[in-house]
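Notes for the one structure printed next.
Because only heavy atoms are used, hydrogens play no part in the values below, and waters and symmetry mates are left out as well, while side chains stay in. In what follows, residues are counted from 1 in the order of the sequence shown.
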Amino acid sequence: MSEDNDGVLIVCSRWDAAGVRIPGTKRGTCERCGADIKIAPSSARAKHENAFSCLICERCAYPLDAFYPVVPIDDSQFEEIASVLGQDEAERVRAYANSRIALWNRNRVTGG
């Protein structure tokens with residue numbers, strides 16, 4: 001990775017994982033272990049927009065996330081979630097996820 005560009009880990013669920021599949025989701029491959037993953041349209045856009053990004057499954061992300069900040073759910077991801085779950089439930093998902101992400105990033109920095 002270049003010193004001028006931050007690498008981005010785009011963490012995707014494994015294809016066989018339980019849960020909602022966002023409309024437009026494609027099957028892809030984890031760039032670390034080769035597992036089949038779910039690539040939502042917002043993840044595909046993020047990959048296209050950042051040449052230094054890497055699509056990986058959540059199992060591969062776990063040991064690496066101490067080195068990378070985790071970013072909150074963005075607007076395009078939120079819209080995908082809302083299209084499946086509805087606006088109110090998507091707001092609850094975003095609030096919960098963002099609170100967990102903030103906690104994770106704080107612990108990552110402090111080692112807590």
Side-chain angles (χ1 to χ4, degrees):
M1 292 185 201
S2 161
E3 291 182 21
D4 297 331
N5 294 291
D6 291 332
V8 176
L9 293 180
I10 302 169
V11 181
C12 302
S13 296
R14 286 183 173 228
W15 188 258
D16 58 358
V20 175
R21 190 166 295 152
I22 300 296
T25 295
K26 305 270 191 243
R27 185 185 299 242
T29 303
C30 173
E31 295 178 36
R32 188 151 191 245
C33 73
D36 288 342
I37 57 175
K38 301 174 191 174
I39 304 175
S42 60
S43 296
R45 279 191 301 279
K47 173 71 174 167
H48 179 74
E49 292 169 0
N50 188 326
F52 298 96
S53 63
C54 182
L55 291 165
I56 62 173
C57 72
E58 69 276 3
R59 289 184 194 166
C60 288
Y62 182 73
L64 299 176
D65 55 14
F67 303 104
Y68 293 87
V70 179
V71 297
I73 293 173
D74 68 22
D75 290 339
S76 64
Q77 292 169 318
F78 176 79
E79 291 305 319
E80 287 176 351
I81 294 166
S83 75
V84 174
L85 299 179
Q87 192 77 18
D88 291 344
E89 186 63 20
E91 287 288 356
R92 284 191 283 279
V93 168
R94 178 164 49 186
Y96 175 77
N98 288 346
S99 70
R100 301 298 298 161
I101 289 166
L103 178 63
W104 174 257
N105 284 332
R106 186 170 48 255
N107 288 342
R108 183 182 62 81
V109 171
T110 63

Main chain of [Y], side chain of [X]: is a donor-acceptor contact present, judged purely on distance under 3.5 Å?
{"X": "E80", "Y": "A40", "answer": "no"}
{"X": "R32", "Y": "A61", "answer": "no"}
{"X": "E58", "Y": "R14", "answer": "yes"}
{"X": "K38", "Y": "A17", "answer": "yes"}
{"X": "E49", "Y": "A46", "answer": "no"}
{"X": "D36", "Y": "D16", "answer": "no"}

Shortest non-hydrogen contact between [X] and [Y], atoms and distance:
{"X": "I10", "Y": "S53", "answer": "CD1-CB, 3.8 Å"}
{"X": "P41", "Y": "P23", "answer": "CG-O, 3.6 Å"}
{"X": "T25", "Y": "R21", "answer": "CB-CG, 3.7 Å"}
{"X": "R94", "Y": "I73", "answer": "CA-CD1, 3.8 Å"}
{"X": "I39", "Y": "S43", "answer": "CG2-CB, 4.0 Å"}

4.5 Å side-chain heavy-atom contact, K26 and W15: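 Not touching, per the 4.5 Å side-chain cut-off.
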Validation row: S76, R45 side chains within 4.5 angstrom (heavy atoms): yes
Single-linkage hydrophobic cluster Y96~I81, side-chain heavy atoms < 4.5 angstrom: no
Nearest-0.5 Å distance that lies between atom CD in E91 and atom CG in L85: 11.5 Å
